[in-house]
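Here the structure is laid out as structure tokens; the discussion comes afterwards.
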Amino acid sequence: MKDIVPDLRVEQIKRLASSGKRLDGRGLEQFRDIEIQKNVLGSAEGSARIKLGKTDIIVGIKVGMGQPYSNKPDHGMLATSVELKPIAHHSFDQNTTKPMSIEISRVVDRGIRESGMIDLKSLCLESGKKCWMVNLDIMVLDFDGNLIDASTIGSLIALSGTNVPASNFGMGKDFSLPIGDMPVSTTFVKIGEHILIDPTGVEEAVADARLTITTDASGNLRAMQKGLSGALYYEDVTKAIEHSIKTGKDIREIIQRRD
Amino acid sequence: MKDIVPDLRVEQIKRLASSGKRLDGRGLEQFRDIEIQKNVLGSAEGSARIKLGKTDIIVGIKVGMGQPYSNKPDHGMLATSVELKPIAHHSFDQNTTKPMSIEISRVVDRGIRESGMIDLKSLCLESGKKCWMVNLDIMVLDFDGNLIDASTIGSLIALSGTNVPASNFGMGKDFSLPIGDMPVSTTFVKIGEHILIDPTGVEEAVADARLTITTDASGNLRAMQKGLSGALYYEDVTKAIEHSIKTGKDIREIIQRRD
Amino acid sequence: MKDIVPDLRVEQIKRLASSGKRLDGRGLEQFRDIEIQKNVLGSAEGSARIKLGKTDIIVGIKVGMGQPYSNKPDHGMLATSVELKPIAHHSFDQNTTKPMSIEISRVVDRGIRESGMIDLKSLCLESGKKCWMVNLDIMVLDFDGNLIDASTIGSLIALSGTNVPASNFGMGKDFSLPIGDMPVSTTFVKIGEHILIDPTGVEEAVADARLTITTDASGNLRAMQKGLSGALYYEDVTKAIEHSIKTGKDIREIIQRRD
Amino acid sequence: MDNVQLIDDNGKRNDGRGPEDLRPIKIEAGVLNNADGSAYIEWGKNKIIVGVYGPREMHQKHLQKPDRAIVQVNYSMASFSVDERKRPGQGRRELEISKILSEALERSIISNKYPRTSIDVFIEVLEANAGTRCAGLTAASVAMADAGIPMTGLIASCASGKVDGQVVLDLDKLEDNTGDADLPVGYIPLTDEVVLLQMDGHLTPQEFDKAFGLAKNACVEIHQLQRDALTKKYSQDPDEDNGEDQAGEEVVSE
Amino acid sequence: MDNVQLIDDNGKRNDGRGPEDLRPIKIEAGVLNNADGSAYIEWGKNKIIVGVYGPREMHQKHLQKPDRAIVQVNYSMASFSVDERKRPGQGRRELEISKILSEALERSIISNKYPRTSIDVFIEVLEANAGTRCAGLTAASVAMADAGIPMTGLIASCASGKVDGQVVLDLDKLEDNTGDADLPVGYIPLTDEVVLLQMDGHLTPQEFDKAFGLAKNACVEIHQLQRDALTKKYSQDPDEDNGEDQAGEEVVSE
Amino acid sequence: MDNVQLIDDNGKRNDGRGPEDLRPIKIEAGVLNNADGSAYIEWGKNKIIVGVYGPREMHQKHLQKPDRAIVQVNYSMASFSVDERKRPGQGRRELEISKILSEALERSIISNKYPRTSIDVFIEVLEANAGTRCAGLTAASVAMADAGIPMTGLIASCASGKVDGQVVLDLDKLEDNTGDADLPVGYIPLTDEVVLLQMDGHLTPQEFDKAFGLAKNACVEIHQLQRDALTKKYSQDPDEDNGEDQAGEEVVSE
């Protein structure tokens, strides 16, 4: 996403958008194909590989034991990280991608946490002393935009297939991670006048503003994040919310069909 | 203080000093005005804002619990840090100011520690196991020289108003940090032949040598530190000691008047 | 070893090697003089200073208490580090020598560990809870090639004179670190067609490949490591093994004579 | 999410405010000597100082933009700004906030005037009590104006949210910790642009509309305080620039 | 070194293999879009993906070589690749392996074609079960060929070792943890060159000869799998490049 | 500060010295091959080796001085130099000492001869027993002379202090830990200049005068040892440069 995109390309994207089209043939409100593989790794307690167009990520979950945070003594712990490794794009290197990876992981984490999808209270073993610690690690293998949505979808898939290895720790039988209502994020960019869902790498590179909206099964808002140094108008936001609720439903169906 | 000060300016400073004067109108042995605000922050257990001319610092004290150092099992702990943040001067950045901030914090800490101003033994709760931990953090907001003296004065003010929040830790009633005799530092620079007290940023930038002398209420020496790559003669040192004892008394009065 | 060695020098080294000679007058299969000083430091539990030609290192051993690794609950701990400090060569700086120092320390550690020279099990005090921790730190003072062998020899000397300071920890009487069969490493470089033992700095700089072979008293292999971006043929390896077993015996005698 | 009652039977919040009231806000421009621009804000119990340097040459060449200035915010919480001492060094939360505030501020400057330069904004949170990103952004915009950087408009910022099931303005720490939702908004009244928008918690689309409207209206009010602060600074005799709180001044002389 | 019996009375190993059998190996070339070359390998339970970028300008000027390209390998274990979560960041073991794999791969390229450049090889271990450096090197060599980098020959790599006193090929995790010796070999069949060689444990010179021979023969076998993977890739219609596992595909559309 | 008696009834200190006695000092110049200059010092139980490189081009351009050389000292305690193992990496104490020793040494060189260069001084403390900064500075000055760097004079350095209420010279570890005051002094006898001065503890102005006088006189004595070490080095046959302690030498040959 650090590519220098020539002005001509920007003009082309805008011209296409004016007639409702995009470089890869999609409509402005059309999500890319989502390819899902579940439980792809034997070493992880949960895992998934997700391809969103040419964006390709792998999510691995390790569950261990830890000590609850002092301000949440009755909760288990969830830690989310996104690694934008240099394998995924020629412009990625450890130093420059750090703010980007932190923002993505925090937005993904916020959606999962705020939706109450994981009942963290049920993961406390002894108040203030001992709890289950869920490490959700997202590795980007190939980058073509919209990492927030790819990561969210991958995380939902991986979490919903996660086994808590209680027997390894002498804590009784293994059990499935208790999963509730799932949050689904959809991300938009604004380019010129136009709002495009699920942006590719090139679209993100030329975008003025980005907006992520995370909704729950009831169509309510759970998390939002504006990014990039352009502005949105209120109408842009309400339009995006409307699309997000609609598209979120479709994505949720795909995820759950796979269970 | 990393400014390139033109040679003309150096000459001007020396010429003025020859007739006992300085750029800001002070005499060579004259300290700048000290502006003091006490307990300026609700979140800190003790705090102070100090302006020494245009030098502007804020001192915050947090008191928590810790485990005594293995070589001082019967003492509470004091940790002093100085942050020279880039807000304070256009030349400050995290990398280049590190040695400077470490030297300042160690000199300030040494004066406080060696004077016995805080009775650290009284802050031990259980030998080798549990003690009060006093974090003294100094943040520089605006830099115009003589950070050692500004930081020492700010620390004395903040410490003498510090409340140990024992009740928060279930350790009985809150109490005031036990404060004894206060050390006061005064810093000098040598420029050419001249010894100037309480240097400004420009004076430090052109100085040959720097000398800090910390004295107690009885007029005895508690800490000294020479800095910069110029030399001092013995007579410079004895002259500075004499001035330090005298000026230290004045500053001590100002600090205590505020109690 | 980051020197730019002019092509002429490379040619000279190859020409000499063709007639079985080297820049410093040695034969291809001849090790340099080894100078040994034992127990040179009062602050360390074991120490040695080794000169291998102009390569000069100091090895210090500190023994403390620790908690066994979770996957080795019944073993004491050994941690080996090599510091290639800038004092040792004009080209050394903390950043660029890191991979080199890690490789050396891991090869030295592997030889010592795999040979079973230290009976780590006897250093466990309480399974999974408490054990002796042996810190083996190697500091390079002057660099002229073949740090792996110099470090291995220095480590053997220092370890075999190490006192476990049990009385300081209230764990009974002090005792000598239990030392068994010693591994000895010998390192070769390939330059053009030629295999040279115990390379100097210049020889390492022009070498195509490097091979370290660590043998035990029975003449068996305990560790090997190929380095550099040239290749070896199988015959190179078997030839080096043969020399290593032979030279290893000589070095082992020197080390043990000193006990 | 715990069973604390945050709004009493008279519709008053724990600090006595009504649902649509802001906490008291005090803004001062030009409070530092060395910084090219600066501002100090007290917002409820939040105390924040902001210094701006620039536009100045960008040191890291690979981050330079050939056609414009960039804004680099460093948002930082002082170790003594919170109840439990914050460890020094920028944590992940601070890095995220620095990023989104940089992006918001970049929108408000006329950036093509200073190619290859950086505008460095240091936001030092001295005392924190919820809402520091909005307060920091509000003060930073004043500090940038104080630095004389050409702007399309001042950014005002304020959060709204939901507490006890009710949409309210400007959550304090207790409300933020135990409330239902938080919605920080950054807004340029002059251009009607939204430059900061985050949300977490639980809002229906209708609640979002209401909360957004509250925040936007508050921003208009805050914008006036920003203008007042700048007017006050620039109508002062320049020699009195740093004359605030003269009561605390003491003099040592030989 | 513990008293586990690793080879049963019928000469079978814990996973049913004979002493000289490889684990199942599957190699695929060209699995990523952005990387200039890439490969995926499954080797027993090991799963590794490799991406190659370059030759490209070397950013750190002081590491440039005026007469040739250098290879920089970054071998990395994913946090979720092992039983006990690996902490993020490169540990000492990963750094050592990165160094020796860089050196091995550098041997196989015709490096004077691209002075002052770097060929960057990212080896991501997704699941680890002993032998990852050999599997990673094998896949990296395929990925470099896929990137079109001129080479003197593909490097195949495999370990042999000793288990229950017997020389065997290709140790798995249980054998590696409790066996007597491990001998990873990297080999270019086309030129008969040894480019990687490490060993730890306990081998007589005779056992070394036997173990080395086993590893070398296995490398010849693996070399064929590498060639097959590249042939398969380059005989495909380029538009189907990433068509593996279409079964998992789903479509969202408005 | 504890109730240990450090000076007995006969005026003898714990190691038998009188109040104004130095510990035994041994200095050797030119002990390393690669460094441009070097020195080794044993001072009581302190053992320190110093290597100097330079003047050489300053790598970090922004630290270059257009009109002179700068001195960069790296003072470092080996992990095994103290009773409780020191963790690797430079701590705050080492950084402070490196800074003040850099400043002291810079005073003694004729720095305008080598603009834009750096003189890098590595002080490695192998064994520490109080007084390492003075011993390190003394040895560093010899090493700089050994490197042929033009100097205004050698720096000799020694601490004095107060123990059991009495002013004494050259505190050892026990005295430093439990004594009343410590006063390290760095002094150039040739020019009568004080280039290092620190103090902590408790001294009356009169005690300071006495302690300073003791340290200065000791520096004159140490200065002679420095000159002797350099004379010895430069009167030797160059081929025997590293012949110290030949007793330990062993030879392996085929």
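Convention: sequence-line order gives letters A, B, ...; per-chain numbering from 1. Quick note: numbers below take in every heavy atom, side chains included, and nothing from hydrogens, waters or symmetry partners.
Considering CG of E:Leu183 and CE of C:Met224, their distance stands at 7.0 Å, rounded to 0.5 Å. Separation of atoms CG (E:Leu196) and CG (C:Leu232) is listed at 10.5 Å; rounding is to 0.5 Å. Rounding to the nearest 0.5 Å places CD1 of C:Ile241 at 9.0 Å from CG of E:Leu203.
Looking only at side-chain heavy atoms (C-beta outward), E:His202 and C:Arg222 come within less than 4.5 Å of each other.
Residues E:Leu95 and C:Lys98 share a closest heavy-atom pair of CD1-CE, 3.9 Å. Between E:Arg92 and C:Ser81 the shortest heavy-atom distance is NH2-CA, 4.5 Å. Contact between E:Phe208 and C:Leu221 at its shortest, heavy atoms only, is CB-CD1, 3.6 Å. Between C:Glu103 and E:Lys99, the shortest heavy-atom distance links the atoms OE1-NZ, 2.5 Å. When all heavy atoms of C:Ser70 and E:Glu84 are compared, the closest pair comes out as OG-OE1, 3.8 Å. Between C:Ala231 and E:Arg107 the shortest heavy-atom distance is CB-NE, 3.4 Å.
Note on C:Arg110 versus E:Glu96: salt bridge recorded, some NZ/NE/NH1/NH2 to OD/OE distance being below 4.0 Å.
In this structure, chain C has no heavy atom under 4.5 Å from any part of E:Ser98. At a 4.5 Å heavy-atom cutoff, the contact between C:Thr238 and chain E is made by side-chain atoms alone. When heavy atoms are compared at a cutoff of 4.5 Å, C:Asp208 does not approach chain E at all. Looking at C:Leu211, only its side chain comes within 4.5 Å of chain E, counting heavy atoms on both sides. In this structure, the portions of E:Leu197 lying under 4.5 Å from any heavy atom of chain C include both its backbone and its side chain. Looking at E:Gln206, there are no atoms closer than 4.5 Å to chain C (heavy atoms on both sides), in backbone or side chain. When heavy atoms are compared at a cutoff of 4.5 Å, E:Phe212 approaches chain C solely by way of its side chain, counted from C-beta outward. Heavy atoms closer than 4.5 Å to chain C are found in both the backbone and the side chain of E:Asp209.
Most heavy-atom pairs under 4.5 Å with chain C, from the set E:Asp200, E:Val71, E:Thr204: that is E:Asp200. Chosen from C:Glu242, C:Gln225, C:Arg106, the residue pairing most often with chain E at heavy-atom distances under 4.5 Å is C:Arg106.
E:Lys162 is linked by a salt bridge (charged side-chain N to carboxylate O under 4.0 Å, His left out) to E:Glu207, counting only residues two or more places apart in sequence or in another chain.
Heavy atoms of other residues, nucleotides or ligands lying less than 6.0 angstrom from NZ of E:Lys216 number more than 12.
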